[in-house]
Amino acid sequence: MTVAHSHRFSTALNPINISLLSKQLIQLGRINNADTFSEISRQKEVLVSSLISKLDVCTGLDQIKQVHGHIIRQGLDQSCYIIAKLIRTLTKLGVPMDPYPRRVMESVQFRNPFLWTAVIRGYAIQGKLLEAISMYGCMRKEGITPVSFTFSALLKACGFVRDLNLGRQFHAQTFRLRGFCFVYVGNTMIDMYVKCGSIDCARKVFDEMPERDVISWTELIAAYARAGNMESASELFESLPTKDMVAWTAMVTGFAQNAKPQEALEYFDRMEKSGIRADEVTVAGFISACAQLGASKYADRAVEIARKCGYSPRDHVVIGSALIDMYSKCGNVEEALHVFESMNNKNVFSYSSMILGLAMHGRAQEALDLFNYMVTHTTVKPNTVTFVGVLTACSHAGLVDQGRQIFASMHQTFGVKPTSDHYTCMVDLLGRAGRLQEALEVIKTMSVEPHGGVWGALLGACRIHKDPDVAEIAAKHLFELEPDIIGNYILLSNVYASAGDWDGVLSVRKLIKRKGLKKTPAVSWVVDNRGKMHKFFPGYMNHPMLNKIEDTLEELVQRLTVLGYQPDLSSVPYNVSDDEKRSILIRHTEKLALAFSLLTTSRDSSIKIMKNLRMCQDCHTFMRLASEVTGRVIIMRDNMRFHHFRSGACSCGDFW
DNA sequence: CTAGGGTTAG
């Protein structure tokens, strides 16, 4: 509330204004003398009520007490309607229920169910289930009959603290007392079960509700989506008779969150075709789906849609943050920076996305600078994701000491507890720097149970530094935690291969076979300027330009050899002849994609290649040197991050 | 006054 506002409030309701108001009302014929008194107090209630409504998050407790003073002076301190409203507002503003709001309630002599409920709900939202229940007990003792709103508040409290048992008790009581269920209470019940993680109970309530509205449906759809069960979500959604914007959005974001971007886009299209408007939340989900597809033609479409819906990143934080992430993942970090700078409001999502974007593209120093700017020049507080971003930046740039410092400060200075994700970054940081024993030590002293990522980072480091002994330790834990992820086995096999241990390679291959796992086939792709995608698979395939591609590669190899290029035979994890290794290497999909791009794009444009797996050492060297002899900028995205090859150097500093 | 929200590591 601004100063000007509070000044207006303080004069709005003085006795002169009230008597003026009453004269005006009589003149207008709205009231007659007989009921002037009750009518004026009703009007007073309306005025005071609108005064309370104007309190907002910026209001300090002093101003609230000032308003309370007005309420008392106007003789409205016994009005349940006004006091309940005041308490609801205090709750919204985050004022703790004890002692102030509760005292205000206790000062009212004759309390109605709505006043009690406002207090119960206040405790509920602040996570104080026991106090909420005790208030409910007091209310019953006074002989007040609860209303549906009361049960809604109690159920909300149970959901908030995830107390399934108490939730069940109130569920039963609700039906006993009322005999029937309002849609509203039913919806709160669904929400309670969902929050308690019991989606089946939520479904049961839904199925038994005599009457449902679109909110009941959407709650359940979103719960299925959050649980990763998009089949049930779609099924439910299709049977929803009238789908509104929020329901559609739940589907779009649901697919986006479950790594099904194509479906997210489909639902967005269907939504548009049904003539339903999209709002900021819908568009954010759409952008997130585009980001996952990682192709600029989707990026353009996302920007176009955001523009059409009237959501510019300048004024909409959610849209801006989503766009930053999308541009970064599409390989256009410059545009991401551009969006970031254009934003009027930036929050922790905007900063974290930007820091992660810079880290992903190997611009570690800028990522660190941005982080430092954020913590020293803004009021934005870093969260757990922000630290993943900064630590990733350190690890990709080999900044061991800085990383250690930041890791220490995150808990000490910023109160963010390290999770397995942060330990993953630390293990990666130390591991890449060749300090495998230190990395192992970090894992042993972790304050949380290490997840697969932590051991995976260690195994990855063993691949770089060719250390089969530590690799076996890492693999043992990793295979227990993630027995079905083929990439883990391949990684171990690569470590053995790089050490020339072909028995080891063979044993891993057997293990893969026994588990019935299938190797993920490699694929690289490029998008031409008409938006068409060209995919390249391993070995020879029937691409119309195959001959030209082969010629180009042969010529390129010759030019690179002059610069000292030698095929890195240790990148081939098979025990075959050196000639065979050379011919396998030259058929790696990203090399085919590179040759294709050289043949089909103009000399001054940069080349953008995507790949679903990690790039091998040989391809990395090849790309680096190719950027030198061709004078082209090559942007290459593997399954983890981006490499910018320019004039014979890579943004990752050959550190990946 | 009960529903949908963008960023996470190997």
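Chain letters run A, B, ... following the sequence lines, proteins first and then strands; every chain starts at 1.
- In this structure, E472(A) does not pair ionically with K476(A), as no charged nitrogen and carboxylate oxygen lie closer than 4.0 Å.
- T249(A) comes within 4.0 angstrom of a nucleotide base, judged by non-hydrogen atoms across all strands.
- Nucleic acid contact class of K243(A) (heavy atoms, under 4.0 Å, all strands): none.
- If you check residues 473-493 of chain A against DNA chain B, the residues with a heavy atom closer than 4.0 Å are L478(A), E482(A), listed by number.
- Here E263(A) does not pair with K260(A) in a salt bridge; the nearest charged N to carboxylate O distance is not below 4.0 Å.
- If you check dT8(B), dG6(B), dG10(B) against the side chain of T253(A), the one that comes closest is dG6(B).
- If you measure from atom CG of L429(A) to atom P of dT8(B), you get 20 Å, rounded to the nearest angstrom.
- The side chain of E219(A) approaches dA3(B) more closely than any other nucleotide in the set dG10(B), dA3(B), dT7(B).
- No contact: R641(A) has no heavy atom under 4.0 Å from any strand.
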I'd like to know whether Y193(A) forms a side-chain contact (heavy atoms from CB on, under 4.5 Å) with H171(A), so could you lay out the CA-CA distance, the side-chain angles of the two residues, the decisive distance to 0.1 Å, and finally the verdict. CA-CA 10 Å; Y193(A) 280 122; H171(A) 176 166; 2.7 Å; yes
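- The aromatic rings of H620(A) and H643(A) lie perpendicular to each other, with more than 60° between the two planes, well past the 30° mark.
- Among the protein residues, V454(A) comes within range of no part of the nucleic acid, since none of its heavy atoms lies under 4.0 Å from any strand.
- Ionic pairing of E438(A) and R404(A) is present here: one or more N-O contacts between side-chain nitrogen and carboxylate oxygen are shorter than 4.0 angstrom.
- Distance, M360(A) CE to dT8(B) P: 7 Å, rounded to whole Å.
- Within the 4.0 angstrom heavy-atom criterion, base atoms lie near G452(A).
- Using a 4.0 Å heavy-atom distance criterion, T282(A) is classed as a base contact.
- In terms of phosphate contacts, R121(A) brings a side-chain nitrogen or oxygen within less than 4.0 Å of OP1 or OP2 of dT2(B).
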Y267(A)/F237(A) under side-chain contact (heavy atoms from CB on, under 4.5 Å): CA gap, chis, key distance, verdict: CA-CA 11 Å; Y267(A) 272 76; F237(A) 180 75; 3.8 Å; yes
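- Of the candidate nucleotides dG4(B), dT7(B), dG6(B), dG4(B) has the atom lying nearest to any side-chain atom of V281(A).
- Under 4.0 angstrom from either OP1 or OP2 of dG4(B) there lies no side-chain N or O belonging to Q257(A).
- Not a single salt bridge (Lys or Arg N to Asp or Glu O under 4.0 Å) links K346(A) to another residue, sequence neighbours left out.
- Note on R88(A): a side-chain N or O is less than 4.0 Å away from OP1 or OP2 of dC1(B).
- Separating the OH atom of Y224(A) from the P atom of dA3(B) is a distance of 18 Å, rounded to the nearest angstrom.
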